Number of protein chains: 2
Amino acid sequence: MSSPRPRIPEATVARLAVYLRVLAALADAGRSNVSSGELASAAGVNPAGLRKDLTHLGPCGVRGVGYEVVTLRDRIARVLGVERSRPCVLVGIGNLGTALADYAGFGSRGFRFVGLFDAAPGRVGQEIGGQPVRPMEDLDEVVAATAATLGVIATPADVAQSVCDRLTTAGVRSILNFAPVALSAPAGVDVRQVDLSVELQVLAFLGQQRGAAAAEVTA
Amino acid sequence: MSSPRPRIPEATVARLAVYLRVLAALADAGRSNVSSGELASAAGVNPAGLRKDLTHLGPCGVRGVGYEVVTLRDRIARVLGVERSRPCVLVGIGNLGTALADYAGFGSRGFRFVGLFDAAPGRVGQEIGGQPVRPMEDLDEVVAATAATLGVIATPADVAQSVCDRLTTAGVRSILNFAPVALSAPAGVDVRQVDLSVELQVLAFLGQQRGAAAAEVTA
DNA sequence: AACTGTGAAGAGGTTCACAGCA
DNA sequence: TGCTGTGAACCTCTTCACAGTT
C-alpha cells in the first residue's frame, strides 16, 4: 500500500458521517447538485468548515457550481468504509439494546448485527429484527465465525466491564459502550463511551447558564 | 445575584457529570477521601485535567491529601443544578423512548419525566415506569402545568422537526434530539444532537485507520 | 512525602477572508 | 457572478511541569 494515509481528524469523521446521510437523502430525492451552503445547513454546520472537511478527501467540487450529489456520496462512503458491511455484535438486549438491534439506520450505514446476546435466560430465544437472542456462552463462537471486530455494550453498568473483557478476549477490537462506567481494555482495543444522561445533564446546565445570563442582563 | 459567573466550559461540564456519578458511588461505598489520580482513573480521564476541571468550582481539595468525597459530590451537584429535579418531557415512545423513560439513572441525576408522548394511538395509555403514555394533544397542557423546560425527542427522523416545533411552541427551551436529522429551532432554544449510528461509524473508522496503520508498519 | 492548584506550552478544531476557477 | 479551496488568525481544550501546602 502506497496510499498517502492522510489521517482524517476525528471531528471531521463524525461530520462526514452526517454529510453522507444528508447526501443519501438528496440522492434519493433526485437532486444532482448541491452547494456547500445548502449541505452545511442541512447538516447543521458552518459552510466553511464543511468545505474544509471535504478537503481531506481531496478536491471534489466544482468552483462556482457546487458538488455533485452522487459522486460526493460515494466518495465519502468509500472513505468511511461503508461499502463493505461490517459484522457487529450487541450485548444486552434490554430496551436500549432492542432499539439498537431494530434500528434500520445501521444497515444502510454499513453495519449488520451478526449476534445479539443477553445473560437473562428469559430473553434468550426471543427474535428481534429477524434474529434470535443468544446466550453469552455462544459469544466466542459467533465472533470467531463472523470475524466481528465491532461490539456494542448495552447492559447495566455493573456487568459492563466483564462483558468488555469477554468481548476483547473473543477478538473484538472496537467497542461502543452505553453503560455508564468507564471501561478499561487492553492496548489495541478502542472503547468509545456514550452516556445518555450526561448529554441531558450538559443540556440542562447550558440552558440554566443561559437563563442565568439573561436574568443578569435584566437585573 | 452578585455571583462571579465563572462560565464553565462545555467539555468540563460533561466531565463534571461523570465525576459526580463516580463520587456518588464512592460515597455509597463509604469512602471518605479520594485523590485526583484515583478519581481520574475511575472516570477515564487525565488526572491533571480533572484537577483543572475542579478549579472551576474554586479550590476544593486538600493538598497532600486529596478530596473529601461527600463534600466534592455535593459541590458538583449544586453547580450542575442536580439538587432540584427538573421536569422533562419525552416524545416518541418506541424502544429507545422506552429505554429512556425506564432508565433509573435519570432520577438520581436530577431529572424526572413528567410526560411521555406518542402519536400512535396503540401506544397511548400504556404504562411505562409507572407513567401513562399520552397523546400529542396533551403536550401543551402538560408542559404548561409542569413548567417543563427540557424535552427529549426519540421519534423517527421524518417527524422530528414537527415535534421540535411543537415543543418550542409549548415552551420547552432545551431539546435533546435522538432522531438523525439536524433540527432548526428559534433563537433562545438549545438543541443537542445525539446520533447513535454516527458514534458507531466513527468507532469503526478509527479502528479501520488503526488497523491500516499497523499493517503499514508490518509491510 | 504526597497531592493539589496553576501558569505555560502544545495540539486540535473552528472561523474568517480571500484567492482561484468555472 | 458564484462557489470552492485554503492559508492564517483565532479560540478552545489538553497536557505538562512544578510551585505551593499540609
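Residue numbers begin at 1 in each chain, while the letters A, B, ... track the order of the sequences. Reckoned from all heavy atoms, side chains included, excluding hydrogens, waters and symmetry mates. Only a predicted model underlies this, so the values are computations on that prediction, with no experimental measurement involved.
A/Arg51 places no side-chain N or O within donor-acceptor distance of the main-chain N or O of A/Ser36, the cut-off being under 3.5 Å. Of the possible polar contacts, one joining the B/Asn177 side chain to the B/Val181 backbone as a donor-acceptor pair under 3.5 Å is found. Checked by atom type and distance alone, the side chain of A/Thr169 pairs as donor or acceptor with a backbone atom of A/Asp165 at under 3.5 Å. Without hydrogens or angle criteria, B/Arg21 side chain to A/Pro180 main chain gives a donor-acceptor distance under 3.5 Å. Judged by distance alone, with hydrogens and angles left aside, the side-chain atoms of B/Glu83 form no donor-acceptor pair with the main-chain N or O of B/Ala77 at under 3.5 Å. Checked by atom type and distance alone, the side chain of A/Ser41 never pairs as donor or acceptor with a backbone atom of A/Gly37 at under 3.5 Å. Checked by atom type and distance alone, the side chain of B/Gln208 never pairs as donor or acceptor with a backbone atom of B/Leu203 at under 3.5 Å.
Residues that satisfy the side-chain contact (heavy atoms from CB on, under 4.5 Å) test with B/Thr12, not counting sequence neighbours, are B/Ile8, B/Pro9, B/Arg15, B/Leu16, B/Asp53, B/His56. The side-chain contact (heavy atoms from CB on, under 4.5 Å) test applied to A/Ala144 returns no partner, not counting sequence neighbours. With sequence neighbours excluded, the residues satisfying side-chain contact (heavy atoms from CB on, under 4.5 Å) with A/Ala40 are A/Val45, A/Pro47, A/Leu50.
Within residues 33-41 of chain A, the residues approached by DNA chain D to less than 4.0 Å at the level of any non-hydrogen atom are A/Ser35, A/Ser36, in residue-number order. Residues of residues 47-54 of chain A having a heavy atom closer than 4.0 Å to DNA chain D, listed by number: A/Arg51, A/Lys52. Using a 4.0 Å cutoff on non-hydrogen atoms, the parts of residues 64-74 of chain B near DNA chain C are B/Gly64, B/Val65, B/Gly66, B/Tyr67, ordered by number. A heavy atom lying under 4.0 Å from DNA chain C marks none of the residues of residues 9-28 of chain B. Residues from residues 191-206 of chain B placing a heavy atom under 4.0 Å of any atom in DNA chain D do not occur.
For DNA chain D, the outermost nucleotides in 5' to 3' order that have an atom under 4.0 Å from a heavy atom of chain B are D/dC13 to D/dT22.
Residue pairs meeting the side chain to side chain donor-acceptor pair (under 3.5 Å) criterion with at least one partner in residues 91-100 of chain B, sequence neighbours excluded, are A/Asp102-B/Asn95. Every pair passing ring-ring contact (aromatic ring centres under 6.0 Å, His included) that includes a residue from residues 75-110 of chain B is listed here, sequence neighbours excluded: B/Tyr103-B/Phe106, B/Phe106-B/Phe113. Listed by first and then second residue, the salt bridge (charged side-chain N to carboxylate O under 4.0 Å, His left out) pairs that reach into residues 106-118 of chain B are A/Asp195-B/Arg109, B/Asp118-B/Arg123, sequence neighbours excluded.
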* Asked: Can B/Glu10 and A/Leu206 be said to form a side-chain contact (heavy atoms from CB on, under 4.5 Å), step by step?
  -> CA-CA 8 Å; B/Glu10 184 169 328; A/Leu206 296 177; 3.8 Å; yes

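For the side chain to side chain contact (heavy atoms under 4.5 Å, CB included) test with B/Val91, the passing option among B/Val152, B/Leu167, B/Leu116 is B/Leu167; the others fail. Results of the side chain to side chain contact (heavy atoms under 4.5 Å, CB included) test with A/Asp74 over A/Thr71, A/Leu72, A/Val70 single out A/Val70 as the only residue that passes.
The shortest distance between side-chain heavy atoms of B/Phe111 and A/Gln201 falls below 4.5 Å.
The interatomic distance linking B/Arg63 (CZ) with C/dT4 (C1') rounds to 5 Å, in whole Å.
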